[in-house]
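Since this is a predicted model, take the numbers as computed values, not measurements. Every chain is numbered from 1, with letters handed out A, B, ... down the list of sequences.
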There are 2 protein chains.
Amino acid sequence: MASSLSTEEKIKAAAKQVFISKGFSGCTSRELAKASGMNVALVNYYFRSKNKLFQLIFQTVMEEFFESMVSVFSSDLPLKEKLKFLIEREYAFLSKHPEIPRFIINELSRKDTDLIELTHVLPVIYNTGVIEQAIEAQKKGEMRRVDMVGITLLVVSNCQYPFMAKPLIKNLHNLSDEQYNHHIELHKGMVSEMIIGYLFPTEIKNELK
Amino acid sequence: MASSLSTEEKIKAAAKQVFISKGFSGCTSRELAKASGMNVALVNYYFRSKNKLFQLIFQTVMEEFFESMVSVFSSDLPLKEKLKFLIEREYAFLSKHPEIPRFIINELSRKDTDLIELTHVLPVIYNTGVIEQAIEAQKKGEMRRVDMVGITLLVVSNCQYPFMAKPLIKNLHNLSDEQYNHHIELHKGMVSEMIIGYLFPTEIKNELK
DNA sequence: TATTGTTTTAAACAATTGTTTAAATTAAGT
DNA sequence: ACTTAATTTAAACAATTGTTTAAAACAATA
């Protein structure tokens, strides 16, 4: 067992799982405690309150969430390959952590949540030089003139949604877990081809939209 | 005011709003009551329990959710136009009800939720003849050989995600509400062009994947 | 071993939860 | 007007919530 971890780490690890799958308001202090084999008092001894524990975990999940993304942008690859690589990495990350996008989007949607500052993430990406890369490709007419928001939306929509909507699509099409996972794997290739095909049309047009 | 509505309708309408934006476990009986200007006892007088009220509302939201989709499939249009029209309708629906996809996906993800049967939706779509339309187009080599699950995923990912992830993307790119809504409107066109372009490539290949 | 400080426990706290009660009010039919 | 039924209210219910208390168990150091 993971009994080599300290009590504090055990609570944090268990709470992370519970929070991610049930959300802040979907679980109780006692559930968090029980999930780590501890009791309620112990959770508050180490983390002061359910809310403090949540904030801590939300922060780390957010970091994991953006980590792989930024690292891909920093890689030394031509733009088209970067994008393919990014999609590949996103699918790999989401296969391991399929519940994270839903968790993050939900908690960011809570009106009463302490707003988490994300604006530091974008500058990091900007500093990787990927933007200049894109602008140059667009000037050369190799790449469609889509801004950063549009590209972000294209990529994350097609990567994250299939994992988020698993229970919906599974139910709708009457699929088993294995069948759905197979569809996701298939979908990864389609998405990559579709997005690349859209952003980098083969027929070089002088005026790309 | 909406005081022309009966008490029962007032509670239902208010509860719908509250459930959609905060989820089942994100709100209390008293909050549901107060939102409709009533008290807790009244809510349970008409709906027996918070859970019963929720099931009722969830059912109707699901129906709204699929309604426009099915109606598009039933329309008398060529396949490509149907798809464009579907995307247009989805964006229109989601502009009015941006919180519904997140709500549905969340509640379907709750392990402890009473499983709602969706399998009746698919046969309805099948009966519109859209599947035969697609198979024929694929045989003629006009359409890429993507199955129903793939098509569903392509469309709903690119329609629903931008609305679901609004707080995430807004925060990430430091956008105002107006700016983001503008991006969504822009995105609609991109998505339509991209999906159509992918599913119906202009260069007729003999062997489409 | 005695004395620290740290960790863990069981029990309790007040507040809030979903739900019910029983009385009060209103409406409807005679 | 009287009776019955339907609606609305305020209050209460037991259970659960997040949090705290105070004592016990443990560890480290002298």
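- We find the CD1-OG distance between B:I125 and B:S74 to be 8.5 Å, quoted to the nearest 0.5 Å.
- For the pair A:L42 CG and C:dT8 P, the interatomic distance rounds to 5 Å; values are reported in whole Å.
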### Query
Would A:F58 and A:F24 count as a side chain to side chain contact (heavy atoms under 4.5 Å, CB included) if you check the C-alpha gap in whole Å, the side-chain angles of each, and the deciding distance to 0.1 Å?
CA-CA 10 Å; A:F58 188 71; A:F24 178 80; over 6 Å; no

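- Note on A:T7: every side-chain N or O is 4.0 Å or more away from OP1 and OP2 of C:dT7.
- Within the model, atoms OG1 of A:T28 and NZ of A:K50 stand 7.0 Å from one another, a figure rounded to the nearest 0.5 Å.
- As judged by a 4.0 angstrom heavy-atom cut-off over every strand, A:Y46 is placed among residues touching the sugar-phosphate backbone only.
- If you take CG of B:N39 and C1' of D:dT9, they are 6 Å apart, rounded to a whole angstrom.
- Residues B:S71 and B:R89 bring a donor and an acceptor atom of their side chains to less than 3.5 Å of each other.
- Using modelled atom types and a 3.5 Å distance limit, the side chains of B:N181 and B:K166 yield a donor-acceptor pair.
- Under 3.5 Å, the side chains of A:K82 and A:Q133 contain a donor-acceptor pair of N or O atoms.
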### Query
In the 5'-to-3' direction, what one-character label does each nucleotide of nucleotides 13-28 of chain D receive under the scheme B = base within less than 4.0 Å of a protein heavy atom, S = sugar-phosphate only, - = no such atom?
----BBBBB-------

